[in-house]
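Single-structure report; data block below.
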Amino acid sequence: GIGPAAKELKRRAYASCNRTLAPPPPLTKPTIVHLARGVIREGMNTRRLVNANASIATLLKTFPKATVVERATHGGETPFCGQLDTYDAATVVLTPHGAHLVLAIFAPVNTIVLEAMPWDMWRGGRFVYGSASKYLSGVGLVFDRVRTVRPLHPSTYKSGRFNGKTIPGRFSHDPVTIDLNHLAAVAAKAKGRLAGVARAAAASRAAVARHVALRQNPKCIALDESVRAGKGKCRPGKGIFCNARHRCYKNSACALCEP
């Protein structure tokens with residue numbers, strides 16, 4: 001789900017940019033977005049997806065009849081509002097690990113985001129680096145990480161300089177080859193979570209509609225007026241109508257009006 005702080009952050013971002021993002025297409029007409037890292041800095045590999053076509057084909061088995069869209073990340077020279085469209089109108093976004101995932105905070109609720117992790121972040125049967133899972137919790141996304149395969153000739157870690165000091169790289173920048181079996185399992189799990197969200201939302205709408213209909217029932221209206229007039233007395237299990245919170249017990253009118 002999405003917390004109130006994340007909801008307010010998205011509202012303010014959309015308002016300041018004078019735009020909104022299209023929600024994810026339904027599972028019956030999904031859209032798969034392959035989001036490649038589009039900025040190449042000197043001496044840095046872009047962690048491109050080596051088996052991108054095979055990965056998309058794997059996703060299409062889980063999301064049949066999906067439309068496939070290719071996008072690239074924006075560079076730092078692009079204003080914030082110009083970067084909001086990165087996760088627009090996507091059912092599933094498949095992308096390699098990188099700082100561009102911060103923008104997923106502003107993605108529409110219930111977007112599936114799958115992050116292909118560098119191969120050396122999987123050790124001892126788990127991911128040893130939290131990555132985007134730390135800051136994408138509670139923002140309304142269906143987020144998961146995908147394992148990748150160790151290359152035959154892994155490169156050395158890249159280093160950078162910060163405040164005059166050399167900072168060693170924490171993980172490989174090698175091109176990414178996704179573990180297709182793991183991708184299939186993660187995609188199926190994400191689809192199941194999204195379907196569960198859809199079912200819960202439908203049940204909630206049905207309950208609200210039923211409640212509205214009951215509040216228009218003459219018998220329920222008379223019951224409510226009687227309670228408000230103070231004619232009902234609250235004795236759990238023996239009350240004439242209901243308690244102070246309008247919760248009913250065994251009265252037939254209560255059974256009708258308080259589903």
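The first residue in the sequence is number 1, and the count goes up from there.
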Q: Decide yes or no for V142 and V113: does some side-chain heavy atom of the first lie under 4.5 Å from some side-chain heavy atom of the second?
A: no
(Q) So which atom in D88 and which in A22 form the shortest heavy-atom distance, rounded to 0.1 Å? (A) OD1-N, 2.7 Å
Q | Where R19 and D85 come nearest, the two heavy atoms and their spacing | A | NH1-CB, 3.9 Å
**Q.** Non-hydrogen atoms of Q83 and L103 that approach each other most closely
**A.** OE1-CD1, 3.4 Å
Q | Note, T31 side chain near F63 side chain (heavy atom, < 4.5 Å) | A | no
Q. Is the backbone of T28 close enough, under 3.5 Å, to the side chain of K65 for a donor and an acceptor to pair up by distance?
A. no
Q: Using the side-chain contact (heavy atoms from CB on, under 4.5 Å) rule, take D144 and K189 through it: C-alpha gap first, then chi angles, then the decisive distance, then the call.
A: CA-CA 9 Å; D144 213 333; K189 178 183 175 183; 4.0 Å; yes
Q. Taking the side chain as C-beta and beyond, is there a heavy-atom pair between T73 and L35 under 4.5 Å?
A. yes
**Q.** Distance-minimising heavy-atom pair for A52 and H34
**A.** CB-CE1, 3.8 Å
Q. For residues H100 and T95, is any side-chain donor paired with an opposing acceptor at under 3.5 Å?
A. yes
Q: Calculate, to the nearest 0.5 Å, the distance between atoms CZ and CD belonging to R12 and E8 respectively.
A: 4.5 Å
Q) Ignoring hydrogens and geometry, is there a side-chain-to-backbone donor-acceptor pair from R147 to I178 under 3.5 Å? A) no
Q. Does a side-chain heavy-atom distance below 4.5 Å link W119 with V149?
A. no
Q) Can you hop from V102 to Y14 via hydrophobic side chains spaced under 4.5 Å? A) yes
Q | Pairwise side-chain contact, M117 with V176, heavy-atom cut-off 4.5 Å (strictly under) | A | no
**Q.** 4.5 Å side-chain heavy-atom contact, H97 and M121
**A.** yes
Q | Full working for side-chain contact (heavy atoms from CB on, under 4.5 Å) between L183 and L59 | A | CA-CA 8 Å; L183 175 61; L59 289 177; 4.0 Å; yes
Q) Any side-chain heavy atom of L101 sitting closer than 4.5 Å to one from Y87? A) yes
Q) Considering all heavy atoms of both residues, which atom of T62 and which atom of A184 are nearest to each other, and what is their separation? A) OG1-O, 4.3 Å
Q. What about V33 and L194, same hydrophobic cluster or not, with Ile/Leu/Val/Met/Phe/Trp/Tyr joined at side-chain heavy-atom distances under 4.5 Å?
A. no
Q: Evaluate the side-chain contact (heavy atoms from CB on, under 4.5 Å) criterion for residues T91 and T111: first the C-alpha distance (whole Å), next the side-chain angles of each, then the deciding distance (0.1 Å), finally the verdict.
A: CA-CA 5 Å; T91 307; T111 300; over 6 Å; no
Q. Do side-chain atoms of K10 reach the backbone of V139 as a donor and acceptor pair under 3.5 angstrom?
A. yes
Q. So, for L141 and A104, which heavy atoms are closest and what is the spacing to 0.1 Å?
A. CD1-O, 3.3 Å
Q) Are D179 and T148 close enough that some pair of their side-chain heavy atoms sits under 4.5 Å apart? A) no
Q.
With rounding to the nearest 0.5 angstrom, report the CD1 to NZ distance, I56 to K61.
A. 13.0 Å
Q: Evaluate side-chain contact (heavy atoms from CB on, under 4.5 Å) for I112 paired with V93, printing each intermediate quantity in order.
A: CA-CA 6 Å; I112 297 175; V93 177; over 6 Å; no
